[in-house]
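Written out below as structure tokens is the structure these notes cover.
Please read all numbers here as calculations on a predicted model, not as lab measurements.
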Amino acid sequence: MTRLELLTLLLAIKALLESDNTEKALELINDVIAEAKRKDS
């Protein structure tokens with residue numbers, strides 16, 4: 001993941017959390033974790 005991709009992801013999560021959309025933020029975090037696990041295998 002590049003710095004730009006990481007920054008974009010973090011900004012998206014921050015915006016979701018600031019708008020009290022914690023369920024969507026958690027979903028996004030879980031999707032990223034799942035994708036990272038797939039790429040490691």
Report task. Sequence neighbours left out, what pairs pass side chain to side chain donor-acceptor pair (under 3.5 Å) with at least one residue falling in residues 6-32? Result -> none
Report task. List for me each residue that meets side chain to side chain donor-acceptor pair (under 3.5 Å) alongside Glu35, sequence neighbours excluded, and say none if there are none. Result -> Arg38
Query - Transitive ILVMFWY cluster of Val32, excluding itself - 4.5 Å side-chain cut-off - result: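 So far as hydrophobic clustering goes, Val32 is joined with Met1, Leu6, Leu9, Leu10, Ile13, Leu16, Leu17, Leu28, Ile29, Ile33.
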